[in-house]
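Below you'll find the structure I mean.
Note: hydrogens, waters and symmetry copies are ignored here, and every other heavy atom, side chains too, is used. Numbered from 1 within each chain, the chains take letters A, B, ... in sequence-line order.
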Protein chains: 2
Amino acid sequence: MEQTEPSDARHHRRTGNEIKAALRDLRIQLALLNHQVGGKLALKDVDLDCLDVLARSGPLTPSALARQAGLHPATLTGILDRLEKAGWIARDRARADRRSVTIRVLPDRGMEVFRLYQPMIGAMDDVLAEYNEAELALIADFLRRSTEAGERANGELAQE
Amino acid sequence: MEQTEPSDARHHRRTGNEIKAALRDLRIQLALLNHQVGGKLALKDVDLDCLDVLARSGPLTPSALARQAGLHPATLTGILDRLEKAGWIARDRARADRRSVTIRVLPDRGMEVFRLYQPMIGAMDDVLAEYNEAELALIADFLRRSTEAGERANGELAQE
DNA sequence: TCATATAGTACGGGAATCATAATATATGGA
DNA sequence: TCCATATATTATGATTCCCGTACTATATGA
């Protein structure tokens, strides 16, 4: 057993741990942000999460959304009822398979959401202004890889 | 009004938008990860969030935690009851002010949590291995600044 | 000493989640 | 074609959760 390791490897590991801790803090902060935004829109956290997934991953069926969000299908019925009643989404019955429903985000209330996220968007623009193009590309790539790491980890946990 | 802008500014803005989108995706992925981990520990999402804050920000009183987590004080009583019954935390009555209570995370079940996060930790280690020390430092700094941006945005929203 | 403020919690109403069952539609073989 | 089985979603009911209000205990300051 080595009692020491090269100094650069030690630094690498330590900075890596700092990054993982920073990611934890960032997650908490973003969760809190969503909680506040959701509160002002009279939406549960999970409702806003679903809306977010729908807005990013395009129209989805309830089953697909339930899988992506880790929720019971019956739970989604309740969530979708709320979102539909408040005018956030529409349920379209598919032509091909008339059992299936497609959830579509309505554009109407998009501006409300944007306005509430504006403080964060502005703060991020301030942060991003300090980096040059190469650095931004590095960061963007890191974030994408981290998301993929999250997907892999979720896949492994879903197994057991 | 300019109809065009310098090419590098355009790139900068576009990469910036990619970063903000990537941050959204990452947040969703991390939320899902926590949801799965929480499920395996029989903890609600919000319970795990509180535990996470407590583990990071050290012992806290219920009021301080409620503020940090954006929850009603009475809601926290229920959360703390669950966490206490399951052996995650202890409530200590303070000596100075005997009204106040300090919540402390018990170390006993820490290994369980670590094991469940292991897939993500491992996946992140793989990602981090591809960067040199200077790049890691850049990323760590960006994450800290983004967290601060989130704190500022939360502060602004809390105003209204 | 006493009025007021603060920390935490008990209680109750209304809502959310999820397991189960029900409905409607699709698919494939006899 | 007819029917058994599978699939997508939703209705129902039991349990649990969240939060507004009120209560207890303690602290603070006039």
Next item on the list: Specify the residues of residues 43-54 of chain B, ordered by number, for which at least one heavy atom lies under 4.0 angstrom from an atom of DNA chain D.
Entry: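 B:Lys44, B:Val46, in order of number.
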Could you list all N or O pairs between the protein and nucleotides 1-3 of chain D that sit under 3.5 Å apart?
none

Notebook entry, point to check: Contact class for A:Ala64 vs. all strands (heavy atom < 4.0 Å): base, sugar-phosphate, or nothing?
Noted result: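 It contacts nothing in the nucleic acid.
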Checklist line | Earlier contact from the 5' end, DNA chain C, for A:Gly78 and B:Arg67 | finding: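 Going by which nucleotide is closer to the 5' end, it is B:Arg67.
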Notebook entry, point to check: Hey, does the side chain of A:Gln36 reach the backbone of B:Gly70 with a donor-acceptor pair shorter than 3.5 angstrom?
Noted result: no
Next item on the list: Give a yes or no on whether a donor-acceptor pair under 3.5 Å exists between the nucleobase atoms of D:dT26, that is its base, and the side chain of B:Arg98.
Entry: no
Item checked: Backbone N/O of A:Leu71 and side chain of B:His35: donor-acceptor pair under 3.5 Å ->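 Not a single qualifying donor-acceptor pair exists.
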Next item on the list: Assign each of A:Arg95 and A:His72 to its nearest nucleotide of DNA chain C by heavy atoms, then name whichever residue's nucleotide is nearer the 5' end.
Entry: A:His72
Next item on the list: Measure from the side-chain N and O atoms of B:Glu133 to the backbone N and O of A:His12, and report whether any donor-acceptor pair falls under 3.5 Å.
Entry: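 Between the backbone of A:His12 and the side chain of B:Glu133 there is a qualifying donor-acceptor contact (under 3.5 Å).
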Check: Looking for any heavy atom pair under 4.0 Å, which part of the strands does B:Arg91 touch: base, sugar-phosphate only, or nothing?
Finding: sugar-phosphate
Item checked: Given D:dC17, D:dG20, C:dA16, the nucleotide with the shortest approach to the side chain of B:Arg82 -> D:dC17
Check: Which pair of non-hydrogen atoms, one from A:Leu76 and one from A:Ala66, has the smallest distance, and what is that distance?
Finding: CD1-CA, 3.3 Å
Note to self: From the set D:dG20, C:dT20, D:dA27, return the single nucleotide nearest to any side-chain atom of B:Asp97.
What the structure shows: D:dA27
Notebook entry, point to check: Can B:Asp49 and B:Lys44 be counted as an ion pair, charged N to O under 4.0 angstrom?
Noted result: no
Check: When you check the phosphate oxygens OP1 and OP2 of C:dT17, does a side-chain N or O of A:Thr75 lie under 4.0 Å from one of them?
Finding: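 It does not, given that no N or O in the side chain of A:Thr75 lies less than 4.0 Å from OP1 or OP2 of C:dT17.
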Next item on the list: Inspect the contact between B:Lys20 and A:Asp125 and indicate whether a charged nitrogen and a carboxylate oxygen are less than 4.0 angstrom apart.
Entry: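 Yes, A:Asp125 and B:Lys20 are salt-bridged.
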Note to self: Measuring from the side chain of B:Asp81 (C-beta onward, heavy atoms only), which nucleotide among C:dA10, D:dA25, C:dA19 has the closest atom?
What the structure shows: C:dA10
Note to self: Given C:dA24, C:dC18, D:dT21, identify the nucleotide with an atom nearest to the side chain of A:Arg99.
What the structure shows: C:dA24
